[in-house]
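Quick one: structure below, then a few questions.
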Amino acid sequence: MQNIEDLLKGLNEPQREAVTHVNGPLMIVAGAGSGKTKVLTTRIAWLMGKHNVDAFNILALTFTNKAAAEMKERIGRMLGSNEARNLYVGTFHSVFARILRSEAEKIGYPRSFTIYDTDDSRSVLKTVINELNLDDKHYKPNVVHNRISAAKNALVGPAEYATDYYLQQEDARTNRPAIGMIYKAYAARCFKNGAMDFDDLLLKMYELLSTIPEVLHKYQHKFKYILIDEYQDTNPVQYQISKLLAAVHENICVVGDDAQSIYSFRGATIENILQFQKDYDDVKVVKLEQNYRSSQSILNVANEVIKNNKGQIPKVLWTDNKEGEKIKLVRTMTDNDEGKFVADSIQEQRLRNHYRNADFAILYRTNAQSRAFEESLRKMGIPYRIYGGISFYQRKEIKDFLAYLRVIVNTKDEEALKRIINYPVRGIGKTTIEKTVIYANENNISMFDALEQAPAFGIKGGTLEVIQNFITMIKYFRSLLQNNDAYSVAQQIGKHTGIVKELFNDKTTEGLARYENIQELLNSIKEWTESPANEEGEVGDKGLGAYLQQITLLTDADDDKENADVVKLMTIHAAKGLEFGCVFVGGIEETLFPSAMSINTREELEEERRLFYVAVTRAKERLFLTYANSRYRFGNLVQNEPSRFLDELPESFLDRTFAGGGARNSSGLNNMGSAFQRMHRGMGPAPERKSEGSKPSYMPVAPKQQTINHIPSPDFAPSDTSGLQPGQKVEHQKFGFGEVIKIEGSAHNPVATVKFEHNGEKKIMLNYAKLRIVE
DNA sequence: GCCCATGCTGTTTTT
DNA sequence: CAGCATGGGC
């Protein structure tokens with residue numbers, strides 16, 4: 001670039017202040033659409049171009065990988081050099097994964113540790129819960145996982161968990177006193193597997209920095225300048241890590257907007273941004289209050305809504321943009337009608353206002369809502385893309401294939417090993433796996449090592465041979481690692497295991513799709529291997545280990561087919577940081593938005609309101625808010641009241657009369673008869689909501705006549721039932737207490753008939769059911 | 001040890 | 001509704 005000062009052109013005063021502030025802590029309070037990405041990128045370019053700061057000395061933490069890539073690109077363009085490539089820019093998770101990869105051995109992990117995604121974590125938890133002889137119906141893996149995750153994000157390790165009075169009380173109250181024990185076992189198992197879960201990437205990074213002074217010293221001096229985006233969504237671990245890293249130079253710049261804090265369920269605490277000024281001396285505070293994104297009308301609505309939250313950093317968002325159209329508020333009969341309305345309106349808006357498909361976004365609170373929209377868009381032939389939901393990498397065939405790669409890189413990864421040991425089917429069944437795991441646990445060795453000693457626990461004959469072949473194969477793959485890139489290893493695996501051939505021969509529709517997915521995976525590995533610059537992993541490392549590390553942290557927002565002209569569908573959470581010409585926000589109904597899960601405390605409700613604020617402020621020119629009278633939930637139609645947030649919008653900002661685009665003649669709507677017309681005709685103000693105490697409409701009116709759930713006694717342990725006699729009293733995990741009526745069936749498969757206090761007579765197969773003999 | 005049928009449960013939000 | 005775990009049959 002010719003003149004570095006040119007960077008400052010086109011910045012407003014506060015933006016310029018933020019960019020040119022060089023040393024010392026800086027907090028940028030950036031309202032929605034106030035150009036904070038521009039400020040961040042310009043600031044980095046300024047540091048490098050004006051103050052000769054080396055790219056290696058700058059750490060920038062963003063919210064998505066995509067944002068990181070974009071940032072690098074923009075800085076590169078500003079500077080007109082390749083220097084930006086050396087910046088440490090990425091999400092907390094990916095940057096720390098990269099650092100941990102080179103330092104892992106210092107805290108006892110292999111360099112090539114595996115990263116467990118949520119599914120892996122749940123699966124390990126399930127194993128551990130069963131090994132502890134606990135019931136996974138009561139200790140549901142995802143409930144336990146949430147609990148453990150929250151603990152990790154709050155820097156509470158297994159030992160602290162077990163002694164924390166409050167946590168123990170809470171677990172006792174929900175009758176899950178063993179969570180602490182499970183946490184401990186889970187952490188131990190992950191460690192044994194050489195694996196870290198998502199939360200560990202933060203927690204272990206903290207551990208690394210706080211326990212090994214040389215490492216702390218190294219990174220404190222390396223990262224002379226630290227920038228953190230979306231600071232309002234950081235959690236306590238992230239907070240502590242950034243504090244440690246910034247402690248020497250104190251050149252820490254955080255950017256955030258308390259009004260857009262929407263990740264408290266992930267442990268984020270708004271305190272971090274509210275407290276920043278107390279954490280450092282002489283904090284420079286810059287407020288970006290001019291919005292460049294949205295029309296006046298849209299901003300008015302946003303401001304009105306957020307006004308209802310208490311305790312914010314005071315700021316006034318304003319804009320020079322023109323007033324624009326009023327916000328359209330539309331009610332439909334059902335969620336399907338809502339879908340039709342939106343698809344019709346997109347069609348209409350596209351013609352009338354010359355939008356491209358890519359100018360539209362459909363936003364919603366829950367992923368499940370995407371379906372109705374998707375159907376309507378497909379019927380009308382409007383191209384779209386859904387973000388979120390089940391990602392490519394979560395598909396079974398992809399996970400199976402990746403499990404091979406994982407085992408080869410890290411044979412201790414038991415989770416992955418279990419997936420592939422009998423895939424493709426090679427005759428290693430449940431019994432053999434169980435024996436292997438038991439042997440491995442008893443001897444404290446990995447499952448893979450246990451397989452090598454199969455004769456020691458009674459495996460012989462054909463099974464032994466199959467196991468030995470399997471081991472030989474895996475070892476062969478491992479031997480390829482050193483001198484081959486990720487793609488050639490993956491290719492070999494596809495060939496030698498027979499997976500590719502097997503899927504190729506499967507001519508069913510699903511089989512075909514699976515085959516194509518595997519091909520796509522192989523292609524993407526090839527692409528990654530051949531791409532010159534890789535953002536993650538050490539530069540030039542094209543090995544399988546580096547590949548796997550980044551793949552787990554990819555979200556599908558990241559691998560955007562950037563220029564595709566398609567309508568985008570996503571949750572509001574996923575839309576954070578994005579903007580669109582014309583935005584539809586669907587399902588603005590009580591129990592959905594705000595979610596029924598989040599109306600119990602003021603804090604929860606305020607977060608929902610911030611989410612609504614985020615949704616509204618994604619729009620540049622036009623905003624549609626829609627809600628349905630009733631929608632399908634779990635297969636049945638339920639009624640919903642309009643969201644309370646709608647009541648907070650002043651009538652004068654709204655247009656309730658909007659008759660959607662092609663709705664007049666579009667199929668389906670006509671036979672809706674007057675319903676569609678009714679919904680547009682003189683709607684007047686939103687109907688009064690029922691009194692606060694009224695039941696959420698999704699709740700069944702009468703409880704279904706089914707099993708009355710029994711909560712097992714705390715000391716519940718299955719008894720030996722081999723000598724069970726009629727007349728004895730027993731406790732069943734689910735059916736509760738009862739009396740044995742008779743015993744029948746064969747000697748090795750006895751069946752007891754038990755009359756339960758609350759659940760009537762049941763036939764119980766004693767070989768399988770867990771019964772506790774009471775007397 | 002494997003395969004199919006049935007029944008149960010889950011829907012906040014994500015790295 | 002739909003995906004998945006469980007369980008019963010072979």
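Sequence lines set the chain letters: A, B, ... in the order given, protein chains first and strands last, and positions in each chain run from 1.
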Between B/dT12, B/dT14, C/dT6, which nucleotide gets closest to the side-chain atoms of A/K137? C/dT6
Just call it for A/Y263: base, sugar-phosphate, or nothing, with non-hydrogen atoms closer than 4.0 Å on any strand. sugar-phosphate
Can a salt bridge be assigned to the pair A/R406 and A/E415 using a cut-off of 4.0 Å between side-chain N and carboxylate O? no
Send over the distance from A/R371 CZ to B/dT11 P, rounded to a whole Å. 15 Å
Could you check whether A/T432 gets within reach of a base, just the sugar-phosphate, or nothing at all, counting any heavy atom under 4.0 Å? sugar-phosphate
Relative to the ring of A/F198, is the ring of A/H93 parallel (under 30°), tilted (30 to 60°) or perpendicular (over 60°)? perpendicular
Is any side-chain N or O of A/T431 closer than 4.0 Å to OP1 or OP2 of B/dG1? yes
note: A/L637, atom CG; B/dT11, atom P; distance rounded to Å ~ 21 Å
Checking all strands, does A/N636 fall into the base, sugar-phosphate, or nothing category for heavy-atom contacts under 4.0 angstrom? nothing
What does A/T118 touch in the nucleic acid at a heavy-atom separation under 4.0 angstrom: a base, only the sugar-phosphate, or nothing? base
By the 4.0 Å heavy-atom rule, please label A/D197 as base, sugar-phosphate, or nothing. nothing
Quickly work out the A/D119 CG to B/dT15 C1' distance and round it to whole Å. 13 Å
Answer with base, sugar-phosphate or nothing: what part of the nucleic acid does A/R426 contact at a heavy-atom distance below 4.0 Å? nothing
Atom pair distance, as rounded to whole Å: CG in A/N367 and P in C/dC1: 21 Å
When the distance from CG of A/N153 to C1' of B/dT14 is rounded to whole Å, what number comes out? 11 Å
Examine B/dG1: is either OP1 or OP2 under 4.0 Å from a nitrogen or oxygen in the side chain of A/N422? Give yes or no. no
Donor-acceptor pair (no angle test) under 3.5 Å: A/R266 side chain, B/dT15 base: no
Are any of the side-chain nitrogens in A/R610 or A/E607 under 4.0 Å away from the carboxylate oxygens of its partner? yes
To the nearest angstrom, the CG-C1' distance between A/N146 and B/dT14 comes to 11 Å
For the pair A/K140 and A/D136, find out whether any cationic side-chain nitrogen is under 4.0 Å from an anionic carboxylate oxygen. no
Nearest 0.5 Å, what's the OG-OH distance between A/S94 and A/Y88? 10.5 Å
Whole angstroms only, please: what is the NZ-P distance between A/K430 and C/dA5? 12 Å
Are the ring of A/F265 and the base ring of B/dT13 both nearer than 5.5 Å at their centres and tilted by less than 30°? yes
Length of the CG-P vector between A/N142 and C/dA5, whole Å: 12 Å
